[in-house]
Amino acid sequence: MPISELKKQALAVFSGAKNLAELDSAYHLYLGRKGKLTLLLRSLRELPETSRREKGKEANDLHDFLEQQFSKRKQELQKEEFTQSEKAERIDVTAPGKRIALGRLHPLTRVQRAAIRIFGSMGFGVAEGPHIEAEWYNFDALNIPANHPARDMWDTFWLKDSKNSRLLLRTHTSPVQIRYMESHQPPFRIIAPGRVFRYEATDAKHSFDLHQLEGLMVGRDVSVAHFKAVIQKFYELFFAKSMTIRLRPSYFPFVEPGFEVDMSCVICGGTGKKAKNTPCSSCGHTGWLEMMGAGMVHPNVFKAAGYNPREWQGFAFGMGVERLAMMKFGVPDIRLFFEGDLQFIRQF
Ligand code: PHE
């Protein structure tokens with residue numbers, strides 16, 4: 001191939017290279033160890049002296065020229081690739097930062113912790129029990145034998161039979177009373193907050209999965225008066241205002257006497273009315289809110305736990321944590337607590 005032709009070809013291939021990799025192969029094709037020009041230069045040795053000098057100069061000039069053209073093209077391509085990657089990897093240092101969203105405590109957790117702190121200030125420790133419970137702890141030991149109609153008070157999720165004892169999802173936190181008494185000696189005072197399960201339909205006031213806070217205080221002379229003082233103080237500290245409570249006689253198999261505790265309505269202040277004399281819907285116009293079941297521990301419960309009922313007495317109570325939270329924060333529907341809606345949870 002004549003040198004002029006080689007030159008034309010090489011120049012075309014160099015300028016046609018679209019990126020550095022292509023340019024590299026073009027270089028090898030002409031200027032590499034086995035490149036076309038390199039081979040040509042080598043073949044000059046065989047020419048006779050006279051034409052070798054002339055051709056040699058021509059070929060060497062072309063070699064220098066192509067080396068030059070190669071570096072020029074290489075610089076061009078490098079610049080191009082740099083601007084491209086600069087565009088792609090550009091960091092806008094003026095763009096506003098992304099806010100780091102901090103997690104927060106669920107309102108039920110906050111209420112539970114507040115209750116633990118308040119009862120703690122009155123000397124109550126915290127006890128826990130399992131969600132999957134034996135029939136014995138949830139019912140029999142609490143003076144609710146099999147086939148007793150009182151079992152109908154709790155709609156129960158039963159689990160498939162395991163070998164000896166029947167298992168269920170605890171319907172209340174009261175089984176923790178038995179578990180705690182089995183392994184501790186009175187006098188003591190504890191609360192047991194936790195999750196409970198009811199086999200029932202849900203609506204604005206009912207959930208099949210909710211939380212209770214159990215209380216148990218046992219001593220030689222613990223009375224209803226102690227209970228009243230502790231609970232009144234609890235509500236006052238929890239709602240941060242003065243409160244009235246009242247006890248109404250009620251029935252739970254594991255207490256005697258048993259009562260239902262009402263608290264003066266936190267929304268209308270116990271008047272049953274709101275501004276402009278409209279009825280308060282939170283308390284159904286009565287001025288009172290039903291807050292918990294309670295009573296003096298039944299002798300059969302002490303016996304089931306291995307205590308001598310002639311020696312010990314005490315009170316027990318069980319309150320709904322959701323109900324407390326609804327009253328504290330003005331939440332109208334219990335289902336909101338379980339929907340995982342961040343817009344709801346972020347309000348607290
Ligand atoms: N365990 C009862 C319930 O779930 C509440 C309660 C607890 C009543 C302790 C009396 C004493 O309804």
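First listed ligand is number 1; within each ligand, the first listed atom is number 1.
- Among all protein heavy atoms, the one lying closest to atom 3 (C) of ligand 1 is W154 NE1, 3.7 Å.
- One side chain, E67 or Y27, offers a donor N or O that lies under 3.5 Å from an acceptor on the other.
- Contacts of E214 with ligand 1, taken as heavy-atom pairs under 4.0 Å, involve the side chain alone.
- At a 3.5 angstrom cut-off on N or O pairs, H172 counts as close to ligand 1.
- Nearest protein heavy-atom contact of atom 7 (C) of ligand 1 is G318 N, 3.3 Å.
- The Q212 neighbourhood of ligand 1 comprises atoms 3 (C), 4 (O), with distances under 4.0 Å to a heavy atom of that residue.
- At under 3.5 Å, a nitrogen or oxygen of R198, whether backbone or side chain, sits near a nitrogen or oxygen of ligand 1.
- Between F119 and F317, the distance from one ring center to the other falls under 6.0 angstrom.
- At least one cation-pi condition fails for R198 and F157: the charged atom is not both under 6.0 angstrom from the six-membered ring centre and inside a 45 degree cone around its axis.
- Using a non-hydrogen distance threshold of 4.0 Å, G258 does not register as a contact of ligand 1.
- In the model, S242 has no side-chain atom that pairs as donor or acceptor with a side-chain atom of E236 under 3.5 Å.
- Between F197 and H131, a ring centre-to-centre spacing shorter than 6.0 Å is recorded.
- A side-chain donor from one of T94 and D92 sits under 3.5 Å from a side-chain acceptor of the other.
- Considering backbone and side-chain atoms alike, S174 places an N or O below 3.5 Å from some N or O of ligand 1.
- Aromatic pair F188/H184: centroids not less than 6.0 angstrom apart.
- Residue M319 places no heavy atom under 4.0 Å from ligand 1.
- Here the shortest heavy-atom distance to atom 2 (C) of ligand 1, taken over F259, F254, F317, Y251, belongs to F254.
- Ion pairing of R335 with D333 is present here, as a side-chain N (NZ or NE/NH1/NH2) and a carboxylate O approach within less than 4.0 Å.
- Heavy atoms of M153 found under 4.0 angstrom from ligand 1: none, in either backbone or side chain.
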